[in-house]
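Notes follow the structure.
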2 protein chains.
Amino acid sequence: MSPGVVSRVFNADANLRIRDETRQRVLAAAEELSYTPNHAARALRRARVGVLGLAVHDVSNPIYSEIVAGVQRAATEAGYTLMLADADALASDDASFRNLIGSRLIDGLLLQRAGNNADAMVAKIASGRLCTILLNDRTRGPLSSVALDDETAARLATEHLIGLGHSRIGHLAVDGPRSRSQARVRGWRSALRAAGMAEEPELLAGGGHTIEAGFEGMRQLLRSEIRPTAVFAGNALSAVGAATALRQAGLSIPGDISLIGFHDLPFAAHLTPPLTTVRLPLRAMGSRAVELLLEQLDGSAARHEIVRSPAPELIERGSCAPPGRVGRAP
Amino acid sequence: MSPGVVSRVFNADANLRIRDETRQRVLAAAEELSYTPNHAARALRRARVGVLGLAVHDVSNPIYSEIVAGVQRAATEAGYTLMLADADALASDDASFRNLIGSRLIDGLLLQRAGNNADAMVAKIASGRLCTILLNDRTRGPLSSVALDDETAARLATEHLIGLGHSRIGHLAVDGPRSRSQARVRGWRSALRAAGMAEEPELLAGGGHTIEAGFEGMRQLLRSEIRPTAVFAGNALSAVGAATALRQAGLSIPGDISLIGFHDLPFAAHLTPPLTTVRLPLRAMGSRAVELLLEQLDGSAARHEIVRSPAPELIERGSCAPPGRVGRAP
DNA sequence: GCATCATGGTAAAACGATTTTCGGCACATG
DNA sequence: CATGTGCCGAAAATCGTTTTACCATGATGC
């Protein structure tokens with residue numbers, strides 16, 4: 001039996017004419033020897049490895065975990081395996097960068113850009129020939145991107161606070177206090193303006209995307225002249241840190257200050273008080289990114305897309321209440 | 001210039017005698033063309049791909065995230081790339097299983113066994129020829145394993161509660177209420193016995209390794225005849241669920257019931273009250289597992305190891321207090 | 001009876017590196 | 001002059017698949 005026939009049986013080649021008896025013989029022998037095609041040889045021959053790369057900034061961040069889950073599912077469905085890389089290591093270690101990007105270890109890359117040298121990194125990748133999708137990013141550039149409708153979600157959160165009667169609504173911005181043009185800040189601002197409220201610069205602080213940064217950001221808000229009665233945190237983890245800062249200041253949530261988080265993660269319901277959040281389709285974004293990547297591997301052009309479905313949704317729990325009134329007991 | 005020379009320059013072959021001028025010429029040309037060796041071809045020729053697999057039960061579980069971080073670091077240091085797989089998908093989808101295990105897509109596998117069919121899966125893997133290390137597992141079998149000193153940690157947690165004066169100390173067991181032989185249950189029991197306390201079967205409930213399971217487990221403990229004054233949760237996430245159950249029952253922590261968690265995760269300090277825990281070297285276990293795997297790839301025999309360093313450590317926060325007294329304010 | 005065609009395969013050439021073998025050149029030695 | 005002997009580098013074999021080209025053989029068409 002020649003290897004060529006075996007190969008075509010395995011790949012269900014439609015152009016192969018073969019006696020059924022022979023096919024059975026091949027299959028039986030494969031079973032007997034528990035034969036599995038060698039990945040490297042196959043990848044070498046067809047110029048395609050069947051592996052997608054996913055580089056995220058911090059694997060242990062639960063927000064990324066959600067994205068990873070979506071990516072994982074879509075990739076598996078499409079018959080691809082997923083390779084996880086550390087975006088920071090990629091940015092700093094040039095050897096591992098070249099190994100991942102240039103060696104055709106993967107067919108395409110999903111990149112969650114983050115950190116300071118993100119731009120430099122994007123440039124480096126764009127100059128290469130590896131098909132890449134930027135995750136959770138709405139940059140207009142040579143690289144495709146998939147993002148969420150952060151602005152709508154931020155507006156939703158802010159409007160909820162406005163609806164409760166708040167008028168001094170702070171915001172912990174993920175990209176620092178000076179990032180006045182980012183989507184979440186825009187959503188927050190547009191909701192304030194629509195309600196006829198002035199935007200106080202002191203009500204905008206940096207909250208980062210970590211517990212610690214949220215803690216610091218909230219402390220800064222509390223030190224400001226006009227103390228907010230409600231705070232919209234631009235990130236789920238920073239909301240956790242913010243809550244701790246409030247508790248340390250002896251303030252109750254939502255009695256003294258209402259708090260709303262961004263991204264609805266599993267533990268949000270288990271904070272004290274349970275955290276009201278806006279939920280965004282993180283998993284869907286992950287899946288969609290894979291679809292886009294696969295399309296692009298087939299030659300379609302770069303594209304910038306925003307995943308709006310399922311739509312951002314307000315998840316009411318116990319961390320928001322009208323101002324100046326004690327909310328329900330914890 | 002022949003490809004052979006190029007290859008040997010790139011891999012710093014000691015047996016190659018070459019004029020320095022020629023070497024420079026090779027290096028310059030490589031730089032010029034931004035040449036990177038093709039991974040598949042290289043993997044095919046040397047029967048080694050430079051990729052390690054890591055299969056965990058649930059990527060979004062923060063405990064696994066810690067392990068992943070440790071594995072990631074050690075793998076990168078050793079010049080290996082990491083491939084993340086979903087252990088559940090591996091167990092259920094036979095095609096992806098064979099693809100990962102048999103095709104030499106990876107050189108070795110780190111497997112966090114979990115789920116019901118874990119045993120069957122281990123058997124399937126053991127029958128194959130892929131070098132595998134079981135993570136967080138102390139099974140004696142043909143496969144190597146790396147585990148933590150859960151028993152000591154559990155004893156430490158229980159002794160802390162005993163030291164505070166508690167005598168009715170419940171335990172939420174990760175593997176269900178009937179798993180009387182697991183390490184954490186053993187640690188809990190041995191601490192109780194050492195203090196001359198009887199082990200009440202009603203004080204043992206299943207807490208799983210999810211928030212929900214912990215919630216249910218605590219509710220069960222609260223329904224029992226002898227209500228505990230302190231609970232040792234066998235898992236960090238189940239402690240979060242347990243805290244919610246207590247809150248819903250109108251009980252205060254630690255005023256009415258003290259709570260101590262297993263595994264010290266970033267958010268533990270940000271619960272209300274901040275959760276007292278025992279910290280285990282999760283990252284170190286991940287790193288050690290990689291080391292063991294690499295040794296074994298070089299031919300060393302299977303081994304069962306327990307990572308005891310850094311030693312389990314009690315992290316006191318605000319969720320434990322003497323019984324029948326109100327603890328410090330949240 | 002000769003050309004054509006479908007059938008059921010075989011044989012061989014890629015794929016892009018690594019590794020082993022071999023050969024040519026220059027110089028020294030007997 | 002013949003013969004080693006270092007040095008450098010070229011050639012060729014190899015890894016396990018996929019893919020293309022091709023070849024018997026017998027059946028069919030005319």
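Just so you know, these numbers use all the heavy atoms, side chains as well, and skip hydrogens, waters and symmetry mates. So that the names make sense, note that chain A is the first sequence line, chain B the second, and so on, each numbered from 1.
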Without placing hydrogens or testing angles, list every side-chain donor-acceptor pair under 3.5 Å for residues 35-47 of chain B, not counting sequence neighbours.
from	atom 1	to	atom 2	distance (Å)
N38(B)	OD1	A40(B)	N	2.8
N38(B)	OD1	A41(B)	N	3.0

Answer yes if the side chains of S145(A) and E305(A) hold a donor-acceptor pair under 3.5 Å, and no otherwise.
no

Only distances under 3.5 Å count here; give the side-chain donor-acceptor pairs of residues 15-30 of chain B to other protein atoms, sequence neighbours excluded, each with its distance to 0.1 Å.
from	atom 1	to	atom 2	distance (Å)
E21(B)	OE2	R25(B)	NE	3.3

N15(B) atom CG is separated from dC22(C) atom C1', nearest whole Å, by 16 Å

Qualifying residues under salt bridge (charged side-chain N to carboxylate O under 4.0 Å, His left out), relative to D149(A), sequence neighbours excluded
R308(A)

The helix from dG1(C)-dC30(D) to dG30(C)-dC1(D): angle between end helix axes, five pairs per end, rounded to 10 degrees
70°

Sequence neighbours left out, what passes salt bridge (charged side-chain N to carboxylate O under 4.0 Å, His left out) with R98(B)? Give chain and number order.
none

Across all chains, not counting sequence neighbours, the side chain to side chain contact (heavy atoms under 4.5 Å, CB included) partners of T76(B) are Q72(B)

Mind listing the N/O atom pairs, protein and nucleotides 5-8 of chain C, below 3.5 Å?
from	atom 1	to	atom 2	distance (Å)
dG8(C)	O3'	R19(A)	NH2	3.4

Non-neighbouring partners of E291(A) that pass side chain to side chain contact (heavy atoms under 4.5 Å, CB included), sequence neighbours left out:
R288(A)

Which whole-number value in Å describes the distance from L16(B) CG to dG6(D) P?
18 Å

Going by the rule side chain to side chain contact (heavy atoms under 4.5 Å, CB included), which residues pair with A213(A) if we only count those two or more places apart in sequence or in a different chain?
T210(A)

Residue pairs, two or more places apart or on separate chains, that pass ring-ring contact (aromatic ring centres under 6.0 Å, His included) and touch residues 289-310 of chain B:
none

Under 3.5 Å, which protein N or O atoms sit close to an N or O of nucleotides 17-19 of chain D? Give each pair with its distance.
from	atom 1	to	atom 2	distance (Å)
dT17(D)	OP1	Y35(A)	OH	3.0
dT17(D)	OP1	N38(A)	N	3.1
dT17(D)	OP2	Y35(A)	OH	3.4
dT17(D)	O5'	Y35(A)	OH	3.0
dT18(D)	OP1	N11(A)	ND2	3.3
dT18(D)	OP1	R42(A)	NE	2.9
dT18(D)	OP1	R42(A)	NH2	3.0
dT18(D)	OP2	S7(A)	OG	2.5
dT18(D)	OP2	N11(A)	ND2	3.3
dT18(D)	O5'	S7(A)	OG	3.3
dT18(D)	O2	R45(A)	NH1	2.5

All side chain to side chain contact (heavy atoms under 4.5 Å, CB included) counterparts of D107(B), not counting sequence neighbours
R48(B), V49(B), L52(B), Y80(B), R104(B), L297(B)

